[in-house]
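Counting convention: from 1, in listed order, for ligands and their atoms alike. The model shown is predicted, which means the values in this text are computed figures rather than measured ones.
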Amino acid sequence: MIATIDMEIQPMKKTFCLLLFLPMFYTTAHPLIYHHHHPTILTDKAALLAFKDTMTQDSQSILADWQNSSNVCNFTGVVCNHQHHRVVQLLLNRSGIHGPLSPFLANLTGLLLLDLSENNLVGLIPPELGSLWRLNELNLFGNLLHGLIPDSLSLLSGLFYLDLKGNRLTGTIPSSILYNCTSLGYVDFSENALHGEIPPEIGNHLSNLMFLQLYSNNLSGKLPPSLSNCTILKWLDVENNRLSGELPTETVSRLPLLELLLLSNNLFTSHDHNTNLAPFFKALSNCTHLQAIELAGMGLGGQLPTTIDQLGIYLSSIYLQDNRIFGSIPPTIVNLSNLTVLNLSSNLLNGKIPDEIGRLQNLQWLILSNNSLIGPIPPSIGQINLLNQLDLSKNRLSFEVPGSLGNLIFLSDLFLQENNLSGISPSIGRCKSLNRLDVSFNRLTAIPKEIFGLTHMGIFLNLSHNLINGTLPLELSKMETVQEIDLSSNHFHGSIFPQLVGCIAACMINFSHNLLEGKLPGTLGLLRNLESLDVSYNSLSGEIPVGLGGSVSLVLLNLSYNDFNGPIPTSGMFTNFTYLSFLGNPHICGSIPGVPVCMKRKRWLM
Ligand SMILES: *[C@@H]1O[C@H](CO)[C@@H](O)[C@H](O)[C@H]1NC(C)=O
Ligand SMILES: *[C@@H]1O[C@H](CO)[C@@H](O)[C@H](O)[C@H]1NC(C)=O
Ligand SMILES: *[C@@H]1O[C@H](CO)[C@@H](O)[C@H](O)[C@H]1NC(C)=O
Ligand SMILES: *[C@@H]1O[C@H](CO)[C@@H](O)[C@H](O)[C@H]1NC(C)=O
Ligand SMILES: *[C@@H]1O[C@H](CO)[C@@H](O)[C@H](O)[C@H]1NC(C)=O
Ligand SMILES: *[C@@H]1O[C@H](CO)[C@@H](O)[C@H](O)[C@H]1NC(C)=O
Ligand SMILES: *[C@@H]1O[C@H](CO)[C@@H](O)[C@H](O)[C@H]1NC(C)=O
Ligand SMILES: *[C@@H]1O[C@H](CO)[C@@H](O)[C@H](O)[C@H]1NC(C)=O
Ligand SMILES: *[C@@H]1O[C@H](CO)[C@@H](O)[C@H](O)[C@H]1NC(C)=O
C-alpha cells in the first residue's frame with residue numbers, strides 16, 4: 001500500500017520538476033544557430049566522449065572513467081542536474097588535460113558552468129561555444145589558447161563570470177560581448193596580447209559589473225568614462241597596458257565601492273599637464289572601501305596632498321613608485337592606520353621622513369628608496385612591530401642608524417645603502433630575522449661587533465664602500481648561514497683568520513680594497529659553497545695556499561694586487577684560473593700563460 005503511494009507520488013514530483021525546467025531546457029525561443037532536436041543526456045555524453053577523443057593520450061588516461069559504458073553523470077568533473085536530464089557543470093580545473101578546446105563542447109547546451117582553467121588547452125576558442133546559452137560561468141583561464149575572442153560569446157546572455165586570463169589571445173576586446181552579456185559581474189581578460197581600446201560604452205551596459213581585470217595586455221586609448229555607470233565596481237585592474245589620458249578622476253569619484261584601483265605602468269598623467277595630483281586624490285576620498293591603490297611607473301607629477309589621510313580606513317597598500325612626485329611626505333599619511341605596504345620609491349621626494357611614521361603600526365613594507373630624503377632615520381620606525389622590509393636606500397639620510405630598529409624582530413631586509421649614514425647602532429644585532437643587510441656606500445667609520453652576531457642571517461651582509469677602520473671581527477666566523485659577505489672598499493686591517501671557514505654557507509666573499517695583511521688561510525678551500533673569493537687590493541703575503549684549490553665550487557678567484565710569493569699551485573681548481581686572478585703580485589710564478597715561469601728546482605741543483 002505504502003509502496004503504491006510512493007510510486008504514485010514519485011512520477012508526480014518528476015512531472016512537477018520537469019514543468020519547472022522545461023521552459024529553460026527545451027525552449028527553442030533562444031535565437032540560436034544550432035537547433036538540436038531534443039538534446040538529451042545522450043547528446044551530452046556523445047559530446048563529452050568526442051571531446052575526450054580529441055585529447056592527447058595522457059589526457060585520455062586522466063579522463064579514464066569517461067567510458068561509453070558508464071553513466072555520464074559519474075564522469076570525473078561532470079555534474080548533472082538532479083533529474084540527470086542534462087550535464088550542467090563541467091569542472092576540469094588543473095586536471096592536466098592537453099589538447100584542443102573542441103567545438104563538440106558546444107553540444108552541452110544544458111551547461112551552466114564550464115571550468116577548464118589551468119590546463120594545457122591549445123588552439124582557438126571555438127565560436128560554437130556561443131551556443132552554450134545557459135552558461136553562467138565560463139572559465140578558460142591559464143591555458144594556451146590563441147587567436148581572437150569570438151564575437152559569438154555575446155550570445156551568452158546569462159553569463160556572470162568570464163575568465164580568459166593567461167592565454168595567448170590576440171585582437172581586440174569584442175564590444176559585442178561587453179554590450180550584450182549584460183549579466184556580467186566578473187570579467188578577466190588579463191595576461192593576453194589584446195590591443196585596441198576598451199569598448200567605450202562598457203559601463204552603459206554592464207551595470208552589474210563588480211570585477212574588471214584587463215592587466216598585462218597592449219590596450220590603448222582612454223579608460224572609458226562610462227565606467228562611472230558601473231556603480232558597484234569593486235576591482236579595476238588595468239595595469240601594464242598603454243592606456244593614456246588624465247587620471248580618471250570623474251570616474252573614480254562615482255565608484256563608492258571600489259576596493260582595488262590598479263593603474264600602474266600605463267601612460268596616464270596627473271591634472272594640469274602632469275603637475276597636480278590633488279584632484280585625483282580628492283576624488284578617491286569618495287571610495288571609502290579602497291584597499292589598494294597602485295599608480296606606479298608612469299612618471300606622474302605632483303605632490304602628495306596633505307589630505308592623503310582621507311583615503312579611508314581600509315586602505316592597505318599604496319604603490320606610487322617610479323613617478324615624478326615631488327615635495328615632502330605629508331605627515332598626515334600616518335593616519336592611514338591599516339597600511340601594510342607603502343612604496344614611494346624612485347620619485348623626487350625631499351624633506352625628512354615624518355617623525356610620526358611609527359604610527360603606521362601595520363606596515364610590513366616601507367619602501368622610500370631613490371628619493372632625496374634628508375635628516376635622520378626616525379627612531380619611531382622601531383615601533384612598527386610587523387615591519388618586514390625597510391628600504392631607505394639611495395637618499396641623503398644622515399646620522400646613526402637608530403638602535404630602536406633593534407626591536408624589529410620580523411625585519412628581514414634592511415636596505416640603507418647609498419646614504420650619508422655615519423654609524424650603526426649595535427642594537428641592530430638584535431634583529432634576529434634579518435636576511436639582507438645593506439649599508440654599503442655610506443660613511444660608517446666603525447662597525448659594532450654585534451652586527452656580526454646576526455648568526456642566522458640568510459642572504460647577505462654588505463658593508464662595502466664605507467670608511468670602516470678596524471680588524472675583521474672574529475664574530476664574523478659565526479655567521480653560518482650568510483651567503484654573500486661584502487666588506488670591500490673599507491679600511492679593514494689585520495689578517496684574515498682561518499676560522500672564517502665557519503661561514504659555511506658563504507658563496508661570495510669580497511674583502512677587496514682594504515688593508516688586510518698576512519697569509520691567506522688555506523682553510524678557505526673547505527668552504528664547499530664558495531664560488532667567488534675576491535681579496536684583490538690588499539697587502540696579503542706569503543705563498544698562495546694549495547688548500548684553496550680544494551674548493552670545487554670556486555669559479556672566481558681574485559688575488560690581484562697583493563704581495564703573494566712563490567709558485568701558483570697547480571692542483572684542483574687552480575687549473576681553471578688565468579693570470580687575471582694573479583695580477584700585480586710581482587713575486588709569484590707558475591705555468592699559467594702571462595705569469596713568469598718558475599725557475600726549476602733542477603736548475604738550482606745543477
Ligand atoms: C553535436 O550536435 C549536432 C547537432 O545535434 C550533431 O549533429 C553532432 O553529431 C553532435 N556532435 C557530437 C560530438 O555530439
Ligand atoms: C555512479 O558511481 C557510484 C559510485 O561510484 C555508483 O554507486 C553508482 O551506481 C554509479 N551510478 C551510475 C548510474 O552508474
Ligand atoms: C547584441 O545585441 C544587439 C541588440 O541589443 C544586437 O543587435 C546585436 O546583434 C547583438 N550582437 C551580437 C553579436 O549578438
Ligand atoms: C551612463 O549611462 C547612461 C545610460 O546608458 C548614459 O547616458 C551616460 O552617458 C553614461 N554615463 C557616462 C559617464 O558615460
Ligand atoms: C564625493 O563625496 C562628496 C562628499 O564627501 C560628495 O559631495 C560628492 O558629490 C561625491 N562625488 C561624487 C561624484 O559622487
Ligand atoms: C651589496 O651586496 C649584495 C650581495 O652581494 C648585492 O646583492 C648588493 O647589490 C650590494 N649592494 C650594492 C649597493 O652594490
Ligand atoms: C669586490 O668589490 C670591489 C670593490 O667594492 C669590486 O670592484 C669588485 O668587482 C668586487 N668583486 C667581485 C668578484 O664582485
Ligand atoms: C673548470 O671549469 C670547467 C667549466 O668552466 C669545469 O667543467 C671544470 O670542472 C673546471 N675544472 C675543475 C678542476 O673543476
Ligand atoms: C681581479 O681584479 C683586477 C682588479 O680589479 C681585475 O683587473 C681582474 O680582471 C680581476 N680578475 C678576475 C679574474 O676577475
Rounding to 0.5 Å, atoms CG (Leu559) and CG (Leu548) come to a distance of 7.0 Å
Nearest protein heavy-atom contact for [atom]: which residue, which atom, what distance?
atom: atom 10 (C) of ligand 4; answer: Asn229 ND2, 2.5 Å
atom: atom 7 (O) of ligand 6; answer: Phe460 CE2, 3.8 Å
atom: atom 13 (C) of ligand 4; answer: Ser228 OG, 3.4 Å
atom: atom 5 (O) of ligand 4; answer: Asn204 CB, 3.6 Å
atom: atom 11 (N) of ligand 6; answer: Asp438 OD2, 2.7 Å
atom: atom 14 (O) of ligand 4; answer: Ser226 CA, 3.3 Å

Heavy atoms from other residues, nucleotides or ligands near NZ of Lys432 exceed 12 (cutoff 6.0 Å) | yes
Check the angle between the aromatic planes of Tyr186 and Phe211 and answer parallel, tilted or perpendicular using the 30° and 60° thresholds.
-> tilted
Can you label the angle between the Phe582 ring and the Phe577 ring as parallel, tilted or perpendicular, going by 30° and 60°?
-> perpendicular
Under 4.0 Å from one or more heavy atoms of Pro225, ligand 4 contributes atoms 13 (C)
Run the side chain to side chain contact (heavy atoms under 4.5 Å, CB included) check on Trp365 and Asn343 step by step: do they pass?
-> CA-CA 8 Å; Trp365 290 274; Asn343 190 340; over 6 Å; no
Taking N or O atoms only and a 3.5 Å limit, does Asn558 qualify as a polar contact for ligand 9?
-> yes
Leu580 N/O to ligand 9 N/O under 3.5 Å | yes
Which of the numbered atoms in ligand 6 are below 4.0 angstrom from a heavy atom of [X]?
X: Gln417; result: 13 (C)
X: Ser440; result: 11 (N), 12 (C), 13 (C)
X: Met508; result: 5 (O)

Can you check side chain to side chain contact (heavy atoms under 4.5 Å, CB included) on Glu450 and Ile428, steps first, answer last?
-> CA-CA 8 Å; Glu450 287 80 357; Ile428 303 305; over 6 Å; no
Is it true that the side chains of [X] and [Y] contain a donor and an acceptor less than 3.5 Å apart?
X: Asn562; Y: Asn538; answer: no
X: Asn350; Y: Ser372; answer: no
X: His271; Y: Glu246; answer: yes

Does Tyr537 come within less than 4.0 angstrom of ligand 9, counting non-hydrogen atoms of the residue?
-> yes
Chi angles and distances behind the side chain to side chain contact (heavy atoms under 4.5 Å, CB included) call for Ile325, Leu344 | CA-CA 9 Å; Ile325 300 174; Leu344 302 176; 5.8 Å; no
In ligand 9, the atoms that come under 4.0 Å of a heavy atom of Ser560 are 1 (C)
Counting from 1 in the order shown, the ligand 9 atoms closer than 4.0 Å to a non-hydrogen atom of Ser581 are 13 (C)
Answer with yes or no whether Gly203 contacts ligand 4, where contact means a heavy atom under 4.0 Å from a ligand atom.
-> no
Does any N/O atom on [X] come nearer than 3.5 Å to any N/O atom on ligand 6?
X: Asn462; value: yes
X: Glu484; value: yes
X: Glu418; value: no

Could you tell me which non-hydrogen atom of Leu290 sits nearest to which non-hydrogen atom of Ile293, and how far apart they are?
-> CD2-CB, 4.4 Å
Could you see which bit of Thr578 sits under 4.0 Å from ligand 9, with heavy atoms only: side chain, backbone, both or neither?
-> neither
Member of Leu557, Leu554, Val555 meeting the side chain to side chain contact (heavy atoms under 4.5 Å, CB included) criterion with Leu530 = Leu554
